[in-house]
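What follows is a single structure, written as structure tokens, with notes after it.
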Amino acid sequence: MENRQIKEKIAGFLPEAVFVTEEPLMVSVAPMQLPELASWLRNDPELLFDYLVCMTGEDSGEELGVIYHLRSTVHGHSLVLRTATSDRENPELPSVSSIWATANLNEREVYGFFGIRFINHPDMRRLFLRNDWVGYPLRKDYNADPKINPVRLESEESLDVVPAYELHETEEGFDIEEKENVLFDNEEYVVNIGPQHPATHGVLRFRVQLDGETVRKVDVNCGYIHRGIEKMCESLTYPQTLALTDRLDYLSAHQNRHALCLCIEEAMGIEVPERVKYIRTIMDELTRIASHLLFWSTFCMDLGALTAFFYGFRDREKILDMFEETCGGRLIMNYNVIGGVMQDIHPNLIGRIKEFIKYLPPMLKEYHEVFTGNVIAQQRMHGIGVLSREYAISYGVTGPSGRASGWACDVRKIAPYGVYDKVDFKEVVRHDGDVYGRYMVRMDEILESLHILEQLVDNIPAGDYAVKTKPIIRLPEGRYFKSVEACRGEFGVYIESRGDKYPYRLKFRSPGLPLISVVDLLARDGKIADLIAVGGSLDYVVPDIDR
């Protein structure tokens, strides 16, 4: 459906709606109108905006608000929705977590950084910061004086009863009731897994309610390594912000940086040389293979297969050697820049890639012999942690984990960038939805990435590896959003520019946050050992979550 038709339908349903921009189509509504409009947008068969791509808190100066990027997985059209409140002392907006499940953790993130309480949200705790933190760091008037929030050596008391706010209709209008929801009661047995635990893949803490060895509930606790990257970007020039993207999901470093460069280049109207598009695509696919090899290594080790861990690291090393030769780095590459890449590819790169394309397929067969076909591995994977397609979309679980549930969500196919429209590759989609499905999608994607590299490596066109840009880069005033297919799913970049050399607001759409949001759903009523298998199969990277 075209934007004009979407606009007409929305205007017919809600005449009070204000259309801010035409491309992309952005509509602004009053807070009290949001729940009804959001529910209609989600359920109307002609619109069916079933996927909440990104949710961004914002401080415009006069108002505190939220921007929702919506997409229909059925029709493919997009919409940007905005609501805001002028009450900075006691900001309140309605929750949409009952409409899109991914809003649950996103609203907690917005609450922690902007202080916006979401009415009818079941758990209004901060997600990343301590609940006794003073102030809201992403507000423009935040006081960062360290005396206000000194380093506390004592542990924060875990909340077993969580705050919530409910909206009730009365004769006079509406009334907000403050209440408490019980997360764990005194009778329940709760253990900590993490934050210092190898199978949490980083400093992530699960509070797990157990009944014997059976998991009854999982409460995810983030915020142990939060570095304030989005806040830092507000005081950095656009070229300076690039370095921070490599340090989010460091196993998708090229792809993260690619997304930010694409967003800035599109806003500026920069067309990069064809050679740059080929190089970026090649680097993205090498990154994907390296990441999936690391997934295989660590997942197998989580399930007790130590030999496999060494096999995967041995083969990943070959890709890191290629990165080191061309980029100078092995993990943090700092290669993509606005308008191109930092320097041209190393003369050895093409030859090395050709050798690697021949080398890896026989090794993958050996991987399957060593681990995949093992009867214990099969029992640990089949039927464990099943995620349906409907829940994958509602929670925003993209990437290999979403495709394992039958959701064809590959950004390379939906909105091609680089030279993905010029290569032939299969989007790997399975319908198992379990640990085994998520495992096999990644193993099959390695072969597809090799197939892409095979098509590109001999066809890199001659030309410049970058275009000249102005010494000081300013984006035209406006809002911009761009996403790419990173190793763990859709990685998005949202920029709000006021015409300065610094972004007014820069938000990264983390593919990892939706992944941890489904851990409770997938692990409930399974064994505690299954929780480890589920976490390993989701393949989240914690710095991508704790931005």
Side-chain angles (χ1 to χ4, degrees), residues 54-57 66 97 102-118 121-139 142-144 146 148-164 181 183-184 190-208 217-234 244-245 247-250 395-396 488 491 506-520 523 531 535 538 540-547:
C54 183
M55 181 175 168
T56 307
V66 179
S97 59
T102 189
N104 191 306
L105 291 191
N106 277 279
E107 287 176 351
R108 286 180 58 192
E109 177 183 330
V110 172
Y111 167 64
F113 292 143
F114 291 91
I116 301 172
R117 297 189 307 181
F118 289 89
H121 188 287
D123 181 1
M124 264 291 84
R125 287 176 294 163
R126 296 181 190 246
L127 183 63
F128 295 113
L129 297 170
R130 296 169 61 112
N131 283 291
D132 56 4
W133 189 271
V134 179
Y136 303 100
L138 286 183
R139 284 197 189 186
Y142 174 66
N143 187 345
I148 298 173
N149 285 294
V151 176
R152 298 177 176 90
L153 299 180
E154 72 279 5
S155 296
E156 182 186 17
E157 184 178 348
S158 295
L159 293 179
D160 292 335
V161 180
V162 296
N181 286 334
L183 192 62
F184 302 110
V190 180
V191 299
N192 281 306
I193 298 179
Q196 301 297 339
H197 190 290
T200 55
H201 293 252
V203 281
L204 182 67
R205 175 185 171 214
F206 296 130
R207 296 174 67 210
V208 185
K217 190 182 296 182
V218 180
D219 176 39
V220 177
N221 282 252
C222 310
Y224 288 86
I225 59 167
H226 183 72
R227 295 158 295 167
I229 283 179
E230 291 180 8
K231 182 70 172 180
M232 290 167 64
C233 286
E234 294 177 8
L244 299 178
T245 56
R247 292 156 175 81
L248 294 165
D249 173 2
Y250 43 81
Y395 279 92
R488 277 148 204 84
F491 177 83
L506 199 153
K507 158 81 174 179
F508 295 113
R509 192 273 180 191
S510 156
L513 190 60
L515 293 176
I516 60 157
S517 72
V518 294
V519 170
D520 177 45
L531 171 61
L538 292 171
Y540 44 74
V541 171
V542 178
D544 172 60
I545 301 162
D546 285 1
R547 299 177 304 289

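Worth saying up front: this structure is predicted, and the values here are computed from it rather than measured. Atom set for the values below is all heavy atoms of this structure, side chains included, hydrogens, waters and symmetry mates excluded.
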Nearest non-hydrogen partners of [X] and [Y], listed with the distance:
{"X": "Trp133", "Y": "Tyr142", "result": "NE1-OH, 3.3 Å"}
{"X": "Gly112", "Y": "Leu129", "result": "O-CD1, 3.8 Å"}
{"X": "Val542", "Y": "Val203", "result": "CG1-O, 4.0 Å"}
{"X": "Gly396", "Y": "Thr102", "result": "N-CB, 4.1 Å"}

Checking the side chain of [X] only, and the main-chain atoms of [Y] only, is there a donor and an acceptor separated by less than 3.5 Å?
{"X": "Glu230", "Y": "Phe508", "answer": "yes"}
{"X": "Ser97", "Y": "Ala103", "answer": "no"}
{"X": "Asn192", "Y": "Arg207", "answer": "no"}
{"X": "Arg509", "Y": "Met55", "answer": "no"}
{"X": "Asp249", "Y": "Asp544", "answer": "no"}

Pick one: which of Asp219, Asn131, Asn221 meets side chain to side chain donor-acceptor pair (under 3.5 Å) with Arg125?
Asp219
Taking the side chain as C-beta and beyond, is there a heavy-atom pair between [X] and [Y] under 4.5 Å?
{"X": "Val518", "Y": "Pro514", "answer": "no"}
{"X": "Val162", "Y": "Met124", "answer": "no"}
{"X": "Glu109", "Y": "Phe114", "answer": "no"}
{"X": "Cys222", "Y": "Leu204", "answer": "yes"}
{"X": "Pro195", "Y": "Thr200", "answer": "no"}
{"X": "Arg227", "Y": "Arg547", "answer": "no"}
{"X": "Leu513", "Y": "Tyr540", "answer": "no"}
{"X": "Pro543", "Y": "Ile225", "answer": "yes"}

Distance only, no hydrogens: is a donor on one side chain within 3.5 Å (strictly under) of an acceptor on the other, for Tyr224 and Arg205?
yes
Do Asn104 and Asn106 have side-chain N/O donor and acceptor atoms under 3.5 Å apart?
no
Steps toward side-chain contact (heavy atoms from CB on, under 4.5 Å) verdict (Val110, Val66)
CA-CA 8 Å; Val110 172; Val66 179; 4.2 Å; yes
So how far is it from [X] [atom1] to [Y] [atom2], rounded to the nearest 0.5 Å?
{"X": "Ile516", "Y": "Leu538", "atom1": "CD1", "atom2": "CG", "result": "10.0 Å"}
{"X": "His121", "Y": "Asn181", "atom1": "NE2", "atom2": "CG", "result": "10.5 Å"}
{"X": "Leu515", "Y": "Ile545", "atom1": "CG", "atom2": "CD1", "result": "7.0 Å"}
{"X": "Phe113", "Y": "Arg126", "atom1": "CZ", "atom2": "CZ", "result": "9.0 Å"}
{"X": "Phe128", "Y": "Arg108", "atom1": "CZ", "atom2": "CZ", "result": "9.0 Å"}

Does Glu107 come within less than 4.0 Å of Arg117, counting only side-chain N to carboxylate O?
no
With salt bridge (Lys or Arg N to Asp or Glu O under 4.0 Å) as the criterion, how do Lys217 and Asp520 come out once you've worked through the C-alpha distance, each side chain's angles and the decisive distance to 0.1 Å?
CA-CA 6 Å; Lys217 190 182 296 182; Asp520 177 45; over 6 Å; no
